[in-house]
Every structure is written in structure tokens, then in C-alpha cells.
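Counting begins at 1 with the first residue of the sequence.
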Amino acid sequence: MKNTIIRGLSVAALIALAIPALGAHTSYAQGDSRTFTETGKTVRATFLKYWTDHGGLAQQGFPISDEMSEQSTTDGKIYTVQYFERAVFELHPEFAGTPNEVLLSLLGVFRYGNKYPDAGGAPSQSANNEANSRLFAETGKHVGGTFLTYWQNHGALAQQGFPISDEFMEVNDLDGKPYKVQYFERAVFEFHPEFAGTPNEVLLSQLGTFRLTEKLTPPTATPAPAIPTPAPVPPTATPVPAQPTPVPPTAVPPTTVPAGPCDGIPPSTAGMRIVPTKCGKGGTVFGFFASGFQPGEQAGVYITAPDQSVIGAPFQVDVDDSGTTDGVGLTTSASFPQGIYAITFEGTTSHHREIGYFKVIP
């Protein structure tokens, strides 16, 4: 999940690349680099090896950008990235020689949050209850049938991520037809019964194309009086509600309902959305979107831990023409301290604030 402003490549060119590529194509290769004539982009070294070893064209799509430096909305650090039709590659030299040297952006989380901003996500979802169906406790979603087979045979968790929705019908943004889909952290699976029994029975949405197109689309001009842009001011830490000191339990009357592990989370502000959940175990991915900002400004972001410390360094994200921020993703782990966290977005010009609360449980 990244923020990038890229110049010099038209949106029309990107849309043209969204046609599924099922046949053979010509490219030029030299040494450890390969130039794709279909897009004019070159993939090299570690990125080329990852592309070749992890499904190539069918899984990743054509490259649609050159390599560039981009700030991560997850940790605020700068990484070398490259956009492909179905993925964004992120280079992590600190993991050189390991499977994590190239990591994929959580494009499915961003796409799902943008398309289905309501708390319940996409409407009319149906959990797959086929015999081989698998429930993922991390997100509470089922995967079964053809989708589970595809997930298992095409990189599983590392390539696709956890499911963040159940199955539902969605109109394809490219051809206008309805298909059965399921969203994952890094992909969207689309079922094509007309290709039953072939490798194209499940196709992946071109999330990389959609993401880059959004970055290249300029915001609509909004008439407003000229306002001097102040230097960004680091926001002050937002206190998280104090965690009570554990005390020995006393006898509870039989009619009292015990508190659940997700109880006690304060309400977030009106413009804050947390997807797909605001409470989960270590390993859960939390996605955040905030609205109500001045179009075109930036918003500072920081996360406060249960002990009131700020996680990592504060960073900034873009605000679109509707006043909504780019999404921010946080992947927790088993080592994350349990308790209530706060994430704060603050406009650098408007100083509008949105605060969301979420909880990591045992």
C-alpha cells in the first residue's frame, strides 16, 4: 500500500493495458533485464526474478511503470517499487536472499475500502460452505471451491494474502459484466465459468492498473481563497484510553454477561473508517481511511500504542478531491502488545483531525 505521484504516462495508456492477455507476446531480454514491448517498461534483477518465479504474466501482469522510490503508508519508509497490472513490487534489501526480499502491496485492502466504505463492506456476501471450505480465523472469512484451489496453487498467503470478504457478485470495471468475486489482501479473484477447466477459470483483477490510474488522475479544481501553506507541524500524540490495572475477579451474579475480548473500544470519529475489522488477534491487517479534509492537502499520520508511545515515525498521505485520504494499512504480528491503539490523521493545512481506535486481542 503505497503513495506515488507519477508523471508522463497517460491514463488512456493504462486503460488500454487492462485487456486480459492470454496469448504469446514479444519482449527483448538482455542479461538480468527484460523490456516488454507491450508497455515499453523494463523489469530487471530482483524484480525480474520474482516476476518469473511467481506466476509471470498470468499472476503479475505486464509492468506499467519503471522502478521508482515511494513512501510506504504502512511504516513511512522509502522503498524502491515497480507497478504491474496486478501487483506492486516493493524491494526490501534488509531481507536480501530470503523470500521477503520482494513484498507485495496490499492492493486488495485499498480497493475494497474505496469501493465499499460502509462498515459491513460489500453487500449480499455469501460464505462458501462447500465441503472443502476453509475458515480463516484471522479475518473470519470462508474460502472454498474453485477459489480455494486457486489460492492454494498460486502462492497462497504470500502472494494473495488473507481473504477480506466472502463471495459476492460485482460488475467488472473493465467490461461492465457481473462476475462472482472474492477479495483478498493482495488480489481480487474473479470466477469465469466460460473458461471452466482451463487456467483462466479464475482471473485476477488488475489492481495495479487501478491503483496507478488513481494516482495519475488529477483532482478536480476547487475554487478557494489563497491560503499560505504552513510548514507541516508534527501532531501531538493522541492519548489512548488508560488500560485498567488487572484485579482479581470477584463473584459475578449469574445474570451478568462477561465482557468480550473486543469490548471497551472507544468510538472512532465520524470521518474514520476501519476495514475489515477494528478488533483482531496478532496477524490481523487493519486498513484505515479518513475523510473531511481539504481536497489536495496532505494528512499527517501516526499510531499510538496502548502504553501511549508512538509506533514508528509519523508520515504523510495524500488527500483526494473528495477530501478522503489514501488508505493506510497496518499488519500486526504475534509480538504486538495487546490492548487499544489509536490512529490519528491530521490535515497539514486544514488541521482537521480524525481518530480511529482499534484493539489487538490475545
Side-chain angles (χ1 to χ4, degrees), residues 1-7 11 14 70-76 88 105-123 164 173 183 207 209-238 266-278 285-304 310 313-330 341-358:
M1 298 178 286
K2 311 293 177 283
N3 290 318
T4 310
I5 300 298
I6 305 168
R7 306 298 181 191
V11 174
L14 288 175
E70 184 175 80
Q71 185 180 32
S72 167
T73 58
T74 301
D75 61 15
V88 178
S105 297
L106 302 178
L107 297 183
V109 173
F110 282 135
R111 184 72 173 170
Y112 191 66
N114 282 331
K115 292 198 69 171
Y116 306 103
D118 293 339
I164 57 175
D173 290 333
Y183 277 70
L207 298 183
T209 297
F210 295 145
R211 184 70 170 164
L212 188 56
T213 301
E214 291 169 1
K215 295 295 184 181
L216 293 171
T217 303
T220 303
T222 303
I227 302 175
T229 303
V233 179
T236 56
T238 299
S268 300
T269 55
M272 175 67 67
R273 289 187 289 112
I274 304 177
V275 296
T277 179
K278 64 178 181 179
V285 177
F286 297 92
F288 308 95
F289 298 82
S291 58
F293 297 92
Q294 180 176 307
E297 71 171 326
Q298 290 195 314
V301 183
Y302 58 98
I303 299 175
T304 309
V310 175
F315 55 94
Q316 294 182 347
V317 296
D318 294 332
V319 175
D320 66 18
D321 59 338
S322 70
T324 301
T325 66
D326 276 354
V328 172
L330 173 67
Y341 292 71
I343 182 168
T344 301
F345 291 73
E346 182 172 344
T348 57
T349 300
S350 67
H351 295 290
H352 174 74
R353 260 191 175 195
E354 294 290 344
I355 303 172
Y357 295 96
F358 60 101

How long is the straight-line distance from [atom2] of [Y] back to [atom1] of [X], given to the nearest 0.5 Å?
X    : Y    : atom1 : atom2 : result
F286 : T277 : CZ    : OG1   : 6.0 Å
T209 : L107 : OG1   : CG    : 10.0 Å
H352 : F293 : NE2   : CZ    : 5.0 Å
F289 : D320 : CZ    : CG    : 10.5 Å
Q294 : H351 : CD    : NE2   : 10.0 Å

Looking only at non-hydrogen atoms, find the nearest pair between [X] and [Y] and report the distance.
X    : Y    : result
T344 : R353 : CG2-NE, 4.1 Å
A342 : I355 : CB-CG2, 4.4 Å
S268 : G356 : OG-CA, 3.2 Å
V319 : P295 : CG1-CA, 4.3 Å
F345 : A290 : CG-CB, 3.7 Å
G113 : R273 : O-NH1, 2.9 Å

Please state whether the rings of Y183 and Y116 are parallel, tilted or perpendicular, taking 30° and 60° as the class boundaries. perpendicular
Centres of the F358 and F288 rings: under 6.0 Å? yes
Looking at T349, D326, D318, T348, which hits side chain to side chain donor-acceptor pair (under 3.5 Å) with Q298? D318
Check for a donor-acceptor pair, side chain of Y112 on one end and backbone N or O of A122 on the other, with a separation under 3.5 Å. yes
Hey, are the side chains of V109 and I164 touching, using non-hydrogen atoms and a 4.5 Å cut-off?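 Yes, at least one pair of side-chain atoms sits under 4.5 Å.
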